[in-house]
Amino acid sequence: MTYLFISDLHLSPDHPRLVRGFLDLLTEYQDQNTRLYILGDWFNAWVGDDYTAPWLDEIVTALKQFIQAGNQVYFQAGNRDFVLGSKFLAQFGGKLLSEIDQLNIAGTRFRLEHGDALCTDDIAYQRFKKIIRHPLLLGLLKRTPLSFRKKLANGFRQQSHQAQQFKSYEVMDVNDQAVELALQDVDVLIHGHTHRAAIHPLGQKKRIVLGDWKEDSAEILEIQENQDFETLKLKKWRY
């Protein structure tokens, strides 16, 4: 069995190369008994499970074929697509993970998360996240017209981009104490969000950061069942 971990694809109709890269990935791993874990920011923005578009239909069709071939797909919300829910995943048989999830592969304990919760030094973002993800506010937003939600999402993206220009590298990266706490009961922490792909040895444990998808490649994590814990490494996926 193959375990495949990806994050920060930021798929959108504005970047067809990224969409093609994801579709090619499904084709590449379709016959490998694959468990695909998408750890957030799958889409550049997600305005609701009622959103439809031809480019998205192509993705859903490919995912149906991928799962019908005996594979599984798991999705974990990111900061760009946290309203993506079970209704969309049900179209092809995907499964929604909790914001923090755990996985055991051949006795090695893995913690999975998008990674934004680890950036505790970014106080402004953490405050915004707490507000925007409040169940009452989310419930109200889901009742608004799709056109309004699209404008809102565009506004949030612009504000986020502007805010990042004034934040230091350290503020936008993970907090060491948050990482230490996250690794307390597991052997390996896997996350994305920071776009700083790397494997960080931390004593007897590891923190693996998945890469964001660029115009021609991404750094992903492939784990084979019964693989030696010490041989874990990121794989360059080119498309």
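Side-chain atoms are counted along with the backbone in the values below, which use heavy atoms only and exclude waters and symmetry mates. As the structure is a prediction and not an experimental result, all values here were calculated from the model.
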* With the side chain counted from C-beta on, respond yes when Leu56 and Tyr51 share a heavy-atom pair under 4.5 Å apart, and no when they do not. => yes

* Decide whether His193 and Asn79 meet the rule of one side-chain donor and one side-chain acceptor closer than 3.5 Å. => yes

* Cluster check Ile59, Ile6: I/L/V/M/F/W/Y, side chain < 4.5 angstrom -> yes

* Asked: Honestly curious: do Val209 and Ile100 fall in one hydrophobic cluster under the side-chain, below-4.5 Å linking rule?
  -> no

* Work out which heavy atom in Arg17 is nearest to a heavy atom in Asp216; give both atom names and the distance. => NH2-CB, 4.0 Å

* Asked: Does a donor on one side chain sit under 3.5 Å from an acceptor on the other, for Gln227 and Thr231?
  -> yes

* Asked: Is it true that Ile190 and Leu202 fall in one hydrophobic cluster, defined by side-chain heavy atoms closer than 4.5 Å?
  -> no

* To do: Apply side-chain contact (heavy atoms from CB on, under 4.5 Å) to Gln65 and Thr61, showing your working.
  => CA-CA 6 Å; Gln65 295 173 351; Thr61 298; 4.0 Å; yes

* Asked: Got Leu23 and Glu58 here, is their nearest side-chain heavy-atom distance under 4.5 Å?
  -> yes

* Between the main-chain N or O of Asp101 and the side-chain N or O of Glu113, is there a donor-acceptor pair closer than 3.5 Å? -> no

* 4.5 Å side-chain heavy-atom contact, Arg35 and Tyr74 -> yes

* To do: Run the numbers on Glu28 and Trp237 for side-chain contact (heavy atoms from CB on, under 4.5 Å), then give the verdict.
  => CA-CA 10 Å; Glu28 176 74 17; Trp237 169 250; 3.7 Å; yes

* Asked: Mind checking whether Trp42 and Phe22 have ring centres under 6.0 Å apart?
  -> yes

* Report yes or no: do Glu222 and Thr2 form a side-chain donor-acceptor pair below 3.5 Å? => no

* Can you tell if the side chain of Phe66 reaches within under 4.5 Å of the side chain of Leu36, non-hydrogen atoms only? -> yes

* Compare all side-chain heavy atoms of Leu183 with those of Val186 and state whether any distance is below 4.5 angstrom. => yes

* What about Leu103 and Val73, same hydrophobic cluster or not, with Ile/Leu/Val/Met/Phe/Trp/Tyr joined at side-chain heavy-atom distances under 4.5 Å? -> no

* Asked: Atom CG in Asp122, atom CZ in Phe128: separation rounded to 0.5 Å?
  -> 11.5 Å

* Asked: Looking at side-chain heavy atoms only, is the closest gap between Phe75 and Asp81 below 4.5 Å?
  -> yes

* Asked: Any idea how Trp55 and Phe43 line up, ring-wise: parallel (<30°), tilted (30 to 60°), or perpendicular (>60°)?
  -> perpendicular

* Arg207 and Glu180: salt bridge (charged side-chain N to carboxylate O under 4.0 Å, His left out), yes or no, with the steps? -> CA-CA 10 Å; Arg207 176 170 71 94; Glu180 184 179 350; over 6 Å; no

* To do: Measure the shortest side-chain to side-chain distance between His10 and Asp8 over non-hydrogen atoms and say whether it is less than 4.5 angstrom.
  => yes

* Structure fact -> To the nearest 0.5 Å, atom OH of Tyr29 lies from atom CG of Asp24 at 12.5 Å

* Structure fact -> Between Leu96 and Leu84, the two heavy atoms sitting closest are CD1-O, 4.2 Å

* In Å, rounded to the nearest 0.5 Å, how long is the span from NE2 of His114 to CD1 of Ile38? -> 13.0 Å

* Heavy-atom neighbours of Lys233 NZ exceed 12 at 6.0 Å -> no

* **Flag side-chain contact, heavy atom, 4.5 Å: Tyr37 against Leu221** => no

* To do: In sequence, state the C-alpha distance, the side-chain angles, and the governing distance for Leu11 and Trp46, and then conclude on side-chain contact (heavy atoms from CB on, under 4.5 Å).
  => CA-CA 10 Å; Leu11 301 185; Trp46 191 260; over 6 Å; no

* Kindly compute the distance separating CD1 (Ile223) from CD (Glu225), expressed to the nearest 0.5 Å. => 11.0 Å

* Verify, without hydrogens or angle tests, whether Arg111 (side chain) and Leu189 (backbone) share a donor-acceptor contact under 3.5 angstrom. => no

* Structure fact -> When rounded to the nearest 0.5 Å, the distance separating OG1 of Thr34 from CG of Leu4 is 6.5 Å

* **Minimum heavy-atom distance Gly48-Val83, with the two atoms named** => N-CG2, 4.1 Å

* Asked: For Leu138, does its backbone N or O pair with a side-chain atom of Arg133 as donor and acceptor, under 3.5 Å?
  -> no

* Return yes when atom CD of Glu215 has more than 12 non-hydrogen atoms of other residues, nucleotides or ligands closer than 6.0 Å, and no otherwise. => yes

* Structure fact -> Heavy-atom nearest pair, Asp49 first then Phe88, reads OD2-N, 3.1 Å

* To do: Decide whether Arg80 and Asn44 meet the rule of one side-chain donor and one side-chain acceptor closer than 3.5 Å.
  => yes

* Does the ring of Phe229 carry Lys205 above it, NZ/CZ under 6.0 angstrom from centre and within 45° of its axis? -> no

* Asked: Do the charged groups of Asp187 and Lys206 touch, with an N to O distance under 4.0 Å?
  -> no

* Asked: So which heavy atom on Leu234 is nearest to which on Ile199, and how close?
  -> N-CD1, 3.8 Å

* Is it true that Asp116 and Lys129 make a salt bridge, defined as a side-chain N closer than 4.0 Å to a carboxylate O? -> yes

* Would you say Leu39 and Ile208 are hydrophobically clustered, going by side-chain heavy atoms of ILVMFWY under 4.5 Å? -> yes

* **CG on Asn175 to CD on Gln126, rounded to 0.5 Å** => 10.0 Å

* To do: Using the side-chain contact (heavy atoms from CB on, under 4.5 Å) rule, take Asp173 and Cys119 through it: C-alpha gap first, then chi angles, then the decisive distance, then the call.
  => CA-CA 6 Å; Asp173 204 357; Cys119 302; 5.6 Å; no

* Asked: Should the pair Arg196-Glu219 be classified as a salt bridge under the 4.0 Å nitrogen-to-oxygen rule?
  -> no

* Asked: Leu210 and Ser7: which non-hydrogen atoms are nearest, and at how many Å?
  -> CD1-CB, 3.7 Å

* **Flag if over 12 foreign heavy atoms under 6.0 Å of NZ, Lys130** => no

